Each structure stands twice: as structure tokens, then as C-alpha cells.
Protein chains: 2
Amino acid sequence: MNIGDVSARTGLPAKTIRYYEDIDLIKPLRDDNGYRRFRDQDVHKLNFLGRARALGFTIEDCRTLLALYEDETRASADVKRVARDHLAQIEAKIADLNAMRDTLSHLIDACAGDDRPDCPILKDLGGKG
Amino acid sequence: MNIGDVSARTGLPAKTIRYYEDIDLIKPLRDDNGYRRFRDQDVHKLNFLGRARALGFTIEDCRTLLALYEDETRASADVKRVARDHLAQIEAKIADLNAMRDTLSHLIDACAGDDRPDCPILKDLGGKG
DNA sequence: CTTGACCTTCCCGTGACTGGAACCCCCATT
DNA sequence: AATGGGGGTTCCAGTCACGGGAAGGTCAAG
């Protein structure tokens, strides 16, 4: 399979697939003409990576998870730790964003949004002054 | 005031302040020795920027907001539109993160987290296979 | 006169790609 | 044989909002 087929199958852009090879996440073979030749295992890994990335894992997490995936003697505790750490990051980010949303939506509610210059949003950003 | 004092007052790293000058958000004066000299208005702008950035506005949004802030004839509708667009982005991001969190926490709950290799997290990432 | 805390500019690195240029390969049609 | 089009390849630059660190100028204190 060439990169275009793999891209269609995995939903990953060809650019991304090349990038993943570049950083040694996958190691497709090469045809004589220099084209990458992907085996089923490569496609499988790419699907794995796509799902992990969709869950927000960093590339380095993905590398770790992929190694665990391929290691038949892994301990599920190691996987769980990676996932829990990541979950904590996500929850922290959600908390930050919720705080922003609350502040912002209050300000927006307070703003008339008409053609007059008076604006509580700018007032707040300017330091109530 | 030199950059160190301004940094202490605004809570912004000196690097950030220099960067903001670089991209023309602020225009401090210069002393004969080449040191930046900050006026009260510069500090005020930096505080504005710090608060806007803390609410997650992009630098370009900040540029827009600052221009509106300085324009006495602005319409509050323009400010409100910027804020509402940004709020929408935040809410989209929150929705994404919530979905990730839900999926992840289910997987984590299902994972024994012991020394055995069997792991629903990897099973899911690998495509249930 | 030296120390040490400031300040300056400049360049590289971050994460995870994306866009684009310049070029090669292969098949089909004119 | 030439051409066209749709693959593929590499490499370089850009994204966003800075942060790290080098190399060097400036200034007040001891």
C-alpha cells in the first residue's frame, strides 16, 4: 500500500504519516522507486496513533503507549498511569477554560453590544478604571 | 521605569514584554543607554494585555481589543463580537475536552491497573482487536 | 576596580503538524 | 514520442506565544 491508500484508510493526512515516520513512530518499508510501502501492521499502528491523538495524548505519550501495546509482558498499571496523568491534564485544562468561560460570559452579558462606546468588557480588561 | 520593574508590577516576564514590543503591541521609549523606558500608559497597556491573555484571547484579539480600548468612539458591539467569538471557541474546546475526559475516564475505570498485561485502554486504542 | 545585577540583541527550540516548492514516477492518451 | 495528470519524494519555512541561553553593554555598591 502506498501512502495515499493508507491516508484514506486511517483518515490521517499523508503529511502526518510522513511526520510519524520521521520521528520513528512507524517504519514502513521502501519500494525500489523510493515510495513507502505500508504493511498491515503499519496501518494498524497508525490507527492506534490516530485514536490516541484523538484522545489528546501527546506524541511522547503515544510513543509510550505504542511500546506498551507491543510489549506482551506489560503491566496494565503502566498504561493506567499514563492515562491517569493525561486525564489530570485534561481536567486541569477544562477547569481553566471553565473559569475563562464564566468570566467571559458574565462580561458579555453585561455588555450592551450597541453603538455606544461604554463597555464593561473593556472596563474590566483595563482594570476597572 | 525599566523592564524589570514593569515585569514585577505587571507579573509579565521581561521576555514577554520585549516580545510585545517586537510585535508592536506597546511602544516604550528608549533611554540614551538603550534601555527601554516605560511610561504609566505602557504599564497600563501591559496590564490590559495580561488580563486579556489570561482570558485566553489570542494576541491578534488582544491587538483588536487594545485598539478598541483606545478608541473613544468605538461601538461596544464590536467589543462584544470579539468576546462572543472567543467564547464560542472556548466552549468548543471545552466540549472536545469533555468528550475526551468521558472516554478516558471510562477506560481508566475499566482498567485493573495491576501487573497483568490485559488492558482495556490498549484494547480500545488498538481497535477493540 | 571589580563584582554582580541589571539591561541589550540575536538566534534556536517548543508541539504537531501544514503549506509549498522543486522534483521523480507511472500510466494513458494523442 | 510527447504530453498530461495524478500519484509519490525531499526539504524548507511557517504556525503560536513565547522561553532559554549566549555574548556583550551599563550601572550602583563595596
Side-chain angles (χ1 to χ4, degrees), chain A residues 1-38 42-43 45-46 48-66 85-86 89-90 92-93 96-97 100, chain B residues 1-38 42-43 45-46 48-66 85-86 89-90 92-93 96-97 100:
Chain A
M1 260 202 289
N2 284 346
I3 200 166
D5 309 311
V6 177
S7 171
R9 263 189 211 212
T10 60
L12 297 172
K15 279 276 192 185
T16 298
I17 297 172
R18 290 195 195 98
Y19 173 65
Y20 287 173
E21 183 192 18
D22 220 51
I23 62 175
D24 295 316
L25 282 175
I26 53 166
K27 300 189 200 306
L29 306 175
R30 293 290 177 140
D31 282 339
D32 289 345
N33 58 13
Y35 286 20
R36 290 170 182 80
R37 185 158 56 80
F38 294 85
D42 298 316
V43 177
K45 275 195 201 184
L46 285 168
F48 183 101
L49 290 168
R51 277 186 283 263
R53 291 288 300 129
L55 285 179
F57 285 104
T58 65
I59 289 285
E60 284 318 301
D61 280 347
C62 289
R63 196 188 299 281
T64 304
L65 291 171
L66 205 46
D85 287 356
H86 178 47
Q89 307 256 340
I90 287 180
K93 209 173 272 183
D96 282 359
L97 289 173
M100 290 181 194
Chain B
M1 257 199 293
N2 284 346
I3 200 167
D5 308 310
V6 176
S7 173
R9 265 190 211 211
T10 60
L12 296 172
K15 278 274 190 186
T16 298
I17 297 172
R18 289 194 196 99
Y19 173 65
Y20 287 171
E21 183 192 17
D22 220 49
I23 62 174
D24 295 317
L25 282 175
I26 52 167
K27 301 190 199 305
L29 306 175
R30 293 290 178 141
D31 283 339
D32 289 345
N33 58 15
Y35 286 21
R36 289 170 183 81
R37 186 157 55 82
F38 294 85
D42 298 316
V43 177
K45 275 196 201 184
L46 285 169
F48 183 100
L49 290 168
R51 276 185 284 261
R53 291 288 298 129
L55 284 178
F57 285 104
T58 66
I59 289 286
E60 284 318 300
D61 280 347
C62 288
R63 197 187 299 282
T64 304
L65 290 171
L66 204 47
D85 287 356
H86 178 47
Q89 306 256 341
I90 286 180
K93 209 172 273 183
D96 282 358
L97 289 172
M100 290 180 194

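Letters A, B, ... mirror the listed sequences (proteins, then strands); counts begin at 1. Worth saying up front: this structure is predicted, and the values here are computed from it rather than measured.
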Query - Protein-nucleotide distance (B:L25, atom CG; D:dC16, atom P), rounded to Å - result: 14 Å
Query - Residues from residues 29-37 of chain B lying under 4.0 Å of DNA chain D - heavy atoms - result: B:N33, B:Y35
Query - Phosphate OP1/OP2 of D:dG19 contacted by B:T16 side-chain N/O (<4.0 Å) - result: yes
**Report entry** Value in whole Å for how far the C1' atom of C:dC10 lies from CG of B:D22
**Finding:** 11 Å
Query raised in the report: If every non-hydrogen atom of B:A52 is compared with every non-hydrogen atom of B:C62, which pair is closest and at what distance?
Result: CB-SG, 3.7 Å
Requested in this report: List the atom of B:D24, the atom of B:R63, and the distance in Å for their closest heavy-atom pair.
Outcome: O-NH1, 3.9 Å
Report task. Take atom CD1 of A:I23 and atom P of C:dT14, then tell me their distance rounded to the nearest Å. Result -> 12 Å
Requested in this report: Figure out the CD1/P separation between B:I17 and D:dC18, and round it to whole Å.
Outcome: 11 Å
Requested in this report: State which of D:dA17, C:dT18, D:dG8 makes the closest approach to the side chain of A:I3.
Outcome: D:dG8
Query raised in the report: Whole-Å distance between D:dG7 C1' and A:F38 CZ?
Result: 14 Å
Requested in this report: Check A:K15, A:R30, A:K45 against A:E21 for a salt bridge (charged side-chain N to carboxylate O under 4.0 Å, His left out) and give me the one that passes.
Outcome: A:R30
Report task. First locate atom OG1 of A:T64, then atom CG of A:D85, and finally report the distance between them rounded to the nearest 0.5 Å. Result -> 10.5 Å
Requested in this report: Calculate the interatomic distance between B:L46 atom CG and D:dA17 atom C1'; express it in whole Å.
Outcome: 15 Å
Query raised in the report: If you pin A:E60 and A:K15 to their nearest nucleotides in DNA chain C, which one's is more 5'?
Result: A:E60
Query - Nearest-nucleotide pick for A:Y19, side chain only, options being D:dG20, C:dC17, D:dA17 - result: C:dC17
**Report entry** For A:A54 against B:M100, the heavy-atom pair lying closest together
**Finding:** O-CE, 3.5 Å
Query - Integer-rounded Å distance: D:dG19 P and B:R53 CZ - result: 10 Å
Query raised in the report: Within this structure, what is the CG-to-P distance between A:D61 and C:dG15, rounded to whole angstrom?
Result: 12 Å
Query raised in the report: When you look at A:R9 and A:V6, which way does the side-chain contact (heavy atoms from CB on, under 4.5 Å) test go after all the steps?
Result: CA-CA 5 Å; A:R9 263 189 211 212; A:V6 177; 5.6 Å; no
Query raised in the report: Taking only N and O in the side chain of B:R18, is any of them less than 4.0 Å away from OP1 or OP2 of C:dC7?
Result: no
Report summary line: When B:D5, B:L29, B:I17 are each screened for side chain to side chain contact (heavy atoms under 4.5 Å, CB included) with B:F38, the one that passes is B:I17
Query - Residue-phosphate contact under 4.0 Å: B:Y20 side-chain N/O, D:dC18 OP1/OP2 - result: yes
Query raised in the report: How do B:F57 and A:N2 order along DNA chain D: which one's closest nucleotide is nearer the 5' end?
Result: A:N2
